[in-house]
*Asks:* 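Before I ask anything, let me first share the structure, which is written out below as structure tokens.
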Amino acid sequence: MTTRTTAAASDIATEFERDGFAVLRGFVPAALRQRMMDVTRRDVAELREPIEYEADVQYPGSPESLDAPGGRTVRRLRQALSRDPVFQEWLSYPPLVGCLQQLLGAPVYCPMAHHNCVMTKHPRFSSETGWHRDTRFWNFQSGDLVNTWLALGEERPENGCLKVIPGSHRMEIGKDRLDDLQFLDSEHPENVPLFDTVQFVELAPGDLLLFHARTFHAATRNFSDQTKYSVVFTFHGPENEPVPGSKSSRYPELVLPDISGL
């Protein structure tokens, strides 16, 4: 896997275009990361809505219902931006804005309808997510969106870190190669060779994963004894608006500060 430090962040465009993802190590100041972690742990402990529970998704490993053992296990804290000003501070962080403008142009828009969350993956009751593109249920003029996945703690295969198929953002995958939920059919003969190229995206606290919204990715359950936390947002450029009247347009969008002239 290719990685980059904060100092080299301005040189990610070629890699991102080729692989559909890039990792920037030690990208976030420790104090900013810790504040996001503190808010996250508070809201998980207090079950502050809006929340998506593991029981809501019914993926492998999910509790059968909210009333079943583990049914109130948090899968994601929705609407992160409205939870605490620290998330607004993160989206205004100049190195982040600079990377996004390099990939998307300026200004950069952050939809409130998708991601805008803290993903949690708990021991015992976490679920397994199949191979998918985030654009499967999104409605934009094109699928050219960039996701940011910030690790608040360690992310390893044993606790369910993301895994990706490099270059899959450029692949045309027919509906016959997907199941009813638009996950890759693991037994389809044209899909099998893709799994030989899979890369696990291992992250340390403060590392940032950038990945194309059309990059196929998946994750296993958390087999460790510690909960994993990740801050996730998505972004698009000035010429890729959400389709009017669709789910993607139901909330206003945040316009990131333009730092191209700085």
*Asks:* Where the side chain of Arg124 meets the backbone of Gly70, is there a donor-acceptor pair that is under 3.5 Å apart?
*Replies:*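 Pair absent, no side-chain N/O of Arg124 close to backbone of Gly70.
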*Asks:* Between the side chain of Arg83 and the main-chain N/O of Arg78, is any donor-acceptor distance below 3.5 Å?
*Replies:* yes
*Asks:* Looking only at heavy atoms, which two atoms of Ala80 and Phe87 are closest? And how far apart?
*Replies:* O-CD1, 3.2 Å
*Asks:* Does Phe183 have Arg136 sitting over its ring (NZ/CZ under 6.0 Å from centre, angle to axis within 45°)?
*Replies:*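 Here Arg136 passes the 6.0 Å and 45° test against Phe183.
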*Asks:* Return yes when atom CD of Glu158 has more than 12 non-hydrogen atoms of other residues, nucleotides or ligands closer than 6.0 Å, and no otherwise.
*Replies:*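 Enclosed.
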*Asks:* Which heavy atom of Ser248 sits nearest a heavy atom of Ala113, and at what distance?
*Replies:* O-CB, 3.9 Å
*Asks:* With the 4.5 Å side-chain cut-off for hydrophobic clustering, are Met112 and Tyr109 part of the same group?
*Replies:*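 No; tracing contacts between hydrophobic side chains, which count when under 4.5 Å, never links both residues.
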*Asks:* Is there a side-chain contact between Val201 and Trp149 in this structure, where contact means two heavy atoms from C-beta onward sitting under 4.5 Å apart?
*Replies:*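 No, every pair of side-chain atoms sits at 4.5 Å or beyond.
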*Asks:* Could you check whether any side-chain N or O of Arg48 sits under 3.5 Å from a backbone N or O of Asp43, counting only pairs where one atom can act as donor and the other as acceptor?
*Replies:*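 Judged by distance alone, no pair lies under 3.5 Å.
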*Asks:* First locate atom CG of Asn191, then atom CD1 of Ile173, and finally report the distance between them rounded to the nearest 0.5 Å.
*Replies:*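 One gets 6.0 Å once the value is rounded to the nearest 0.5 Å.
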*Asks:* For the OH atom of Tyr93 and the CD1 atom of Ile259, what is their distance to the nearest 0.5 Å?
*Replies:*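 These two atoms lie 11.0 Å from each other.
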*Asks:* Identify the two heavy atoms, one from Cys99 and one from Ile12, that lie closest to each other, and give their separation to 0.1 Å.
*Replies:*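 Taking every non-hydrogen atom into account, CB-CD1, 4.2 Å.
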*Asks:* Within the side chain of Lys121, is there an N or O that forms a donor-acceptor pair under 3.5 Å with the backbone of Ser127?
*Replies:* yes
*Asks:* Once you measure the plane-to-plane angle for Tyr229 and His122, does it fall in the parallel (<30°), tilted (30-60°) or perpendicular (>60°) bin?
*Replies:*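 Perpendicular.
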*Asks:* Taking Arg75 first and then Asp56, would you say they form a salt bridge - that is, a charged N and a carboxylate O separated by under 4.0 Å?
*Replies:*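 Looking at Asp56 together with Arg75, the answer is no, because their closest N to O distance does not fall below 4.0 Å.
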*Asks:* Quick check: does any side chain N or O of Gln182 sit under 3.5 Å from a backbone N or O of Asp179, one acting as donor and the other as acceptor?
*Replies:* no
*Asks:* Indicate, with yes or no, if Phe125 and Tyr59 share a hydrophobic cluster defined by side-chain heavy-atom contacts under 4.5 Å among Ile, Leu, Val, Met, Phe, Trp and Tyr.
*Replies:* no
*Asks:* Between Arg76 (side chain only) and His115 (backbone N and O only), is there a donor and an acceptor less than 3.5 Å apart?
*Replies:*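 It does not hold such a pair.
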*Asks:* Whether the side chain of Asp258 engages the backbone of Ala106 through a donor-acceptor N/O pair (distance < 3.5 Å, no angle test) should be reported.
*Replies:* no
*Asks:* For a quick check under 3.5 Å, do Asn159 and Glu155 share a side-chain donor-acceptor pair by atom type?
*Replies:*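 Looking only at side-chain atoms, Glu155 and Asn159 do not form any donor-acceptor pair under 3.5 Å.
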*Asks:* Once rounded to the nearest 0.5 Å, what's the spacing between atom SG of Cys117 and atom CE of Met119?
*Replies:* 5.5 Å
*Asks:* Can a salt bridge be assigned to the pair Arg25 and Asp207 using a cut-off of 4.0 Å between side-chain N and carboxylate O?
*Replies:*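 Judged by the 4.0 Å cut-off on N to carboxylate O distance, Arg25 and Asp207 do form a salt bridge.
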*Asks:* Quick check: are there more than 12 heavy atoms from other residues, nucleotides or ligands sitting under 6.0 Å from CD of Glu187?
*Replies:*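 Check fails, neighbour count at 12 or below.
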*Asks:* Whether the His236 and Glu253 side chains hold a donor-acceptor pair (N or O, under 3.5 Å, no angle test) is what I'd like checked.
*Replies:* yes
*Asks:* For Phe235 and Phe233, take the angle between the two ring planes, folded into 0 to 90°, and tell me which bin it lands in: parallel under 30, tilted 30 to 60, perpendicular over 60.
*Replies:*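 It falls in the tilted class, 30° to 60°.
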*Asks:* For the side chain of Thr120 and the backbone of Val74, is there at least one donor-acceptor N/O pair under 3.5 Å apart?
*Replies:* yes
*Asks:* Kindly give the heavy-atom pair with the smallest separation between Leu203 and Ala151, and that separation in Å.
*Replies:*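 Residues Leu203 and Ala151, closest heavy atoms: CB-CB, 3.8 Å.
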*Asks:* Do you know which two heavy atoms are closest between Gln199 and Pro166, and how far apart they sit?
*Replies:*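 Closest heavy-atom pair between Gln199 and Pro166: NE2-CG, 3.6 Å.
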*Asks:* Output the distance between atom OG (Ser249) and atom CZ (Phe140), rounded to the nearest 0.5 Å.
*Replies:*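 Here the interatomic distance stands at 8.5 Å.
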*Asks:* Under 3.5 Å, is there a donor-acceptor pair between the side chain of Glu128 and the main chain of Ser62?
*Replies:* no
*Asks:* Kindly check if the number of other-residue, nucleotide or ligand heavy atoms within 6.0 Å of CD (Glu239) is above 12?
*Replies:*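 Open.
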*Asks:* With a 3.5 Å distance limit and no angle check, can you tell me whether His132 reaches the backbone of His217 through a side-chain donor-acceptor pair?
*Replies:* yes
*Asks:* Nearest 0.5 Å, please: how far is CG in Asn222 from OG1 in Thr73?
*Replies:*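 Taking OG1 in Thr73 and CG in Asn222, the distance rounds to 11.5 Å.
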*Asks:* In terms of hydrophobic clusters joined by side-chain contacts under 4.5 Å, are Phe216 and Phe200 together?
*Replies:*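 In one cluster: no.
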*Asks:* With a 4.0 Å cut-off, would you call Glu154 and Arg156 a salt bridge?
*Replies:* yes
*Asks:* Have Asp144 and His169 got a donor and an acceptor in their side chains that come within less than 3.5 Å?
*Replies:*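 Per modelled atom types, Asp144 and His169 side chains form no pair under 3.5 Å.
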*Asks:* With side chain to side chain contact (heavy atoms under 4.5 Å, CB included) as the test, would you mind laying out the steps for Leu184 and Leu178 before giving the verdict?
*Replies:* CA-CA 5 Å; Leu184 276 178; Leu178 306 173; 3.9 Å; yes
*Asks:* Are Trp131 and Val198 close enough, and set up right, to give a side chain to side chain contact (heavy atoms under 4.5 Å, CB included), and what steps lead you there?
*Replies:* CA-CA 11 Å; Trp131 289 101; Val198 168; 3.6 Å; yes
*Asks:* For the atom pair OG (Ser230) and CG (Leu209), what is the distance rounded to the nearest 0.5 Å?
*Replies:*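 One gets 9.5 Å once the value is rounded to the nearest 0.5 Å.
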*Asks:* Parallel, tilted or perpendicular: which one describes the rings of Trp138 and His114, with boundaries at 30° and 60°?
*Replies:*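 Ring orientation of Trp138 relative to His114: parallel.
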*Asks:* Exactly one of Arg35, Gln34, Arg42, Arg41 should register a side-chain hydrogen bond (donor to acceptor under 3.5 Å, both in side chains) with Asp38. Which one does?
*Replies:*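 The passing option is Gln34.
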*Asks:* If Ile, Leu, Val, Met, Phe, Trp and Tyr residues are connected whenever their side-chain heavy atoms lie under 4.5 Å apart, and connections chain through other members, are Phe21 and Leu194 in the same group?
*Replies:*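 Each belongs to a different hydrophobic cluster.
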*Asks:* Between Leu66 and Leu77, is there a shared hydrophobic cluster once you connect ILVMFWY residues whose side-chain heavy atoms come closer than 4.5 Å?
*Replies:* yes
*Asks:* Are a donor atom and an acceptor atom from the side chains of Gln79 and Asn116 found within less than 3.5 Å of each other?
*Replies:*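 Asn116 and Gln79 do have a side-chain donor-acceptor pair below 3.5 Å.
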*Asks:* Between Phe27 and Leu150, is a side chain to side chain contact (heavy atoms under 4.5 Å, CB included) present by the stated rule, with each step listed?
*Replies:* CA-CA 9 Å; Phe27 189 76; Leu150 170 62; 5.9 Å; no
*Asks:* How far apart are the closest heavy atoms of Phe16 and His212, and which atoms are they?
*Replies:* CZ-N, 3.3 Å
*Asks:* If only side-chain N and O atoms count, and only distance matters, is there a donor-acceptor pair under 3.5 Å linking Asp67 with Ser65?
*Replies:*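 Side-chain D/A pair, Ser65 to Asp67: absent.
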